[in-house]
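Below you'll find the structure, written out as structure tokens, and then a few comments.
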Amino acid sequence: MVTKSLQSIRGIHDGLPDDVRRWQRIEDVARATLTRYAFSEVRLPVLEPTELFVRSIGEETDIVSKEMYAFTDQGGDHICLRPEGTAGAVRAYLQGGLTRSGIQRWFYMGPMFRRERPQKGRLRQFQQIGVEMFGAAGPVEDVEMLAMAHAFLEGLGIPDLQLQVNSLGCSVCRPAYRDQLVAYLQERADTLCETCNERIDKNPMRVLDCKVTSCQAKLGDAPEMLDHLCDGCSAHFSDLRQGLDALEIPYIVNPRIVRGLDYYNRTAFEIVTDKLGAQGTVLAGGRYDGLVSELSGPATPAIGFAAGIERLAMLLDDVALERPDLAIVAIGDEVLSYSLKQAADLRQAGLCVVHCGGGGARRQFKMADRGYVRFVAVIGEDEMQAGKVTLKDMASGEQKLVKAGAVVAEVQAAS
RNA sequence: GUGGAUGUAGCUCAAUUGGUAGAGCCCCGGCUUGUGAUGCCGGUGGUCGUGGGUUCGAGUCCCAUCAUCCACCCCA
């Protein structure tokens with residue numbers, strides 16, 4: 001056990017080789033997929049002015065009101081560790097002067113920070129792959145966005161995922177619907193659970209997917225956003241569905257998908273699994289047409305999503321370790337320098353090589369075996385004089401004397 | 001933030017009604033010093049999460065604290 005003072009901060013975990021191998025797999029597939037849709041990677045700050053999130057996410061949200069790592073730095077500035085990526089992306093879009101540069105398609109990957117109570121699939125520092133598109137109103141772009149998210153997860157080969165879509169309406173139709181919903185809920189407030197009563201004011205749409213069964217029983221005839229969309233939103237949503245159908249992307253309409261953050265409108269979607277307990281959402285996003293102007297930019301439609309790398313990693317099959325091609329076993333101190341040079345040359349030629357450090361042959365072979373190397377090159381006095389190595393195939397146990405210059409070809413021929 | 005479970009060697013776990021800790025795996029070394037996976041022998045390694053308390057005596061009881069896990073809240 002590590003003593004308390006040397007432990008990492010609660011909910012902030014290390015990425016050890018087994019973890020990082022999985023993360024890289026996810027990142028590689030993401031890069032490949034997103035790039036094919038003409039998205040460009042951006043790298044944005046982890047530290048941002050606190051005000052950015054207060055203005056974009058909303059002061060009342062849990063994220064801003066109690067989950068941000070916010071502090072004052074030595075110069076008296078209010079800064080924080082980003083709790084999500086979209087606000088920073090919008091900030092960068094505006095600050096970079098890209099509002100007249102046509103549609104921007106961006107993606108990024110990196111850590112986000114939220115001071116929540118940790119549990120499975122929920123960390124205080126976690127990584128997201130975020131995607132944002134600025135300047136396109138959809139619905140074609142919405143379809144492509146969903147298709148891209150789908151293609152990404154298909155590429156990872158994670159089974160049993162479900163895409164759920166909804167429309168959150170817009171500034172035209174949502175306020176009226178919201179009023180109607182609140183009125184409906186207030187009539188039944190005394191029959192709803194405590195948290196639902198709090199939600200009536202804070203986020204009434206959240207009441208609809210309350211997990212308490214007694215609440216669910218009371219809400220069978222509750223009004224839903226989808227039945228109250230304005231003409232524009234309604235057309236947008238049906239075009240979205242048409243597009244998904246055309247691409248044969250399976251999905252269900254879940255009228256109870258809600259977004260916690262204030263800036264979302266119209267298309268909202270989640271990709272969920274039932275294998276992660278309460279943290280089943282593996283990717284989520286939606287349209288946020290109002291945010292750019294909210295942050296003092298020109299009215300600019302936008303849509304994006306974020307995928308949780310750690311959550312995806314938990315769904316991934318074991319990712320095979322990259323095995324070293326070859327281990328160098330040096331017999332006798334007089335060949336050490338020569339063997340080091342051989343190792344360096346083989347690496348130069350592209351092989352992954354481990355030098356076993358000399359000493360007893362038995363010890364070195366054990367080391368090679370535990371390192372799962374495919375071949376061992378034994379170099380002793382005789383081999384050095386002859387300019388050869390004894391090359392042993394660790395799987396078959398066969399070995400033969402080959403010229404030093406032929407090792408690369410031998411190893412590559414076997415793979 | 002709320003509720004619950006857990007916390008003994010690097011890992012997975014034992015330790016009878018409280019009497020000052022064991023196993024397996026891993027790791028390291030050896031089995032005549034140029035050959036590994038199996039085998040045999042040996043070895044390192046724990047202030048029983050941490051800090052208090054009860055007791056002649058606590059891994060074993062009580063309290064606090066930290067961390068992990070689960071659910072709620074919320075979310076990727």
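Order of the sequence lines fixes the chain letters, A, B, ..., with proteins taken first and strands second; residue numbering starts at 1 for each chain.
Spacing between B:rG45 and B:rU6 at atom C1', rounded to whole Å, works out to 25 Å. Rounded to whole Å, the P atom of B:rG29 lies 13 Å from the corresponding atom of B:rA37. To the nearest whole angstrom, the two C1' atoms, one in B:rA9 and one in B:rC28, are 15 Å apart. Look at the C1' atom in both B:rC73 and B:rA15: the space between them is 41 Å, to the nearest Å. A distance of about 23 Å separates the P atoms of B:rG53 and B:rA67, rounded to the whole Å. Spacing between B:rG57 and B:rU68 at atom C1', rounded to whole Å, works out to 32 Å.
Checked for salt-bridge contact, A:K403 and A:E410 miss the test: no charged N lies under 4.0 Å from a carboxylate O.
For A:K392, the side-chain atoms get nearest to B:rG36 when compared with the rest of B:rG36, B:rC73, B:rA76. Out of B:rC74, B:rA76, B:rU35, the shortest distance to the side chain of A:R199 is found at B:rC74. Checking B:rU35, B:rA76, B:rC74 against every side-chain atom of A:T281, the shortest atom distance belongs to B:rA76. Side-chain proximity of A:V378 to the nucleotides B:rA37, B:rU35, B:rA76 is greatest for B:rU35. In this structure, of B:rU68, B:rG34, B:rC74, it is B:rU68 that holds the atom nearest to the side chain of A:H13.
Counting any heavy atom pair closer than 4.0 Å across all strands shown, A:T61 reaches no nucleic acid atom. A:A395 comes within 4.0 angstrom of a nucleotide base, judged by non-hydrogen atoms across all strands. Using a 4.0 Å heavy-atom cutoff across all strands shown, A:E383 reaches at least one base atom of the nucleic acid.
Listed in residue order, the members of residues 107-120 of chain A having a heavy atom less than 4.0 Å from RNA chain B are A:R114, A:E116, A:R117, A:Q119, A:K120.
Between the side chain of A:Q7 and the base of B:rG49, no donor-acceptor pair under 3.5 Å is found.
Taking a pair as Watson-Crick or G-U wobble with both distances under 3.5 Å, RNA chain B forms stems of 3 or more consecutive pairs at B:1-7 with B:66-72, B:10-13 with B:22-25, B:27-31 with B:39-43, B:49-53 with B:61-65.
Distances shown here put a side-chain N or O of A:R370 below 4.0 Å from the OP1 or OP2 atom of B:rC27.
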Using a cutoff of under 3.5 Å, can you pull out all pairs of nitrogen or oxygen atoms linking the protein to nucleotides 38-44 of chain B, with atom names and distances?
residue: B:rG39; atom: O6; partner: A:R362; partner atom: NH2; Å: 3.4

Exercise. Give the intermediate values and the outcome of salt bridge (Lys or Arg N to Asp or Glu O under 4.0 Å) for residues A:D18 and A:R21.
Key: CA-CA 5 Å; A:D18 280 348; A:R21 210 162 43 240; 2.7 Å; yes

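In the model, A:R311 has no side-chain atom that pairs as donor or acceptor with a side-chain atom of A:T273 under 3.5 Å.
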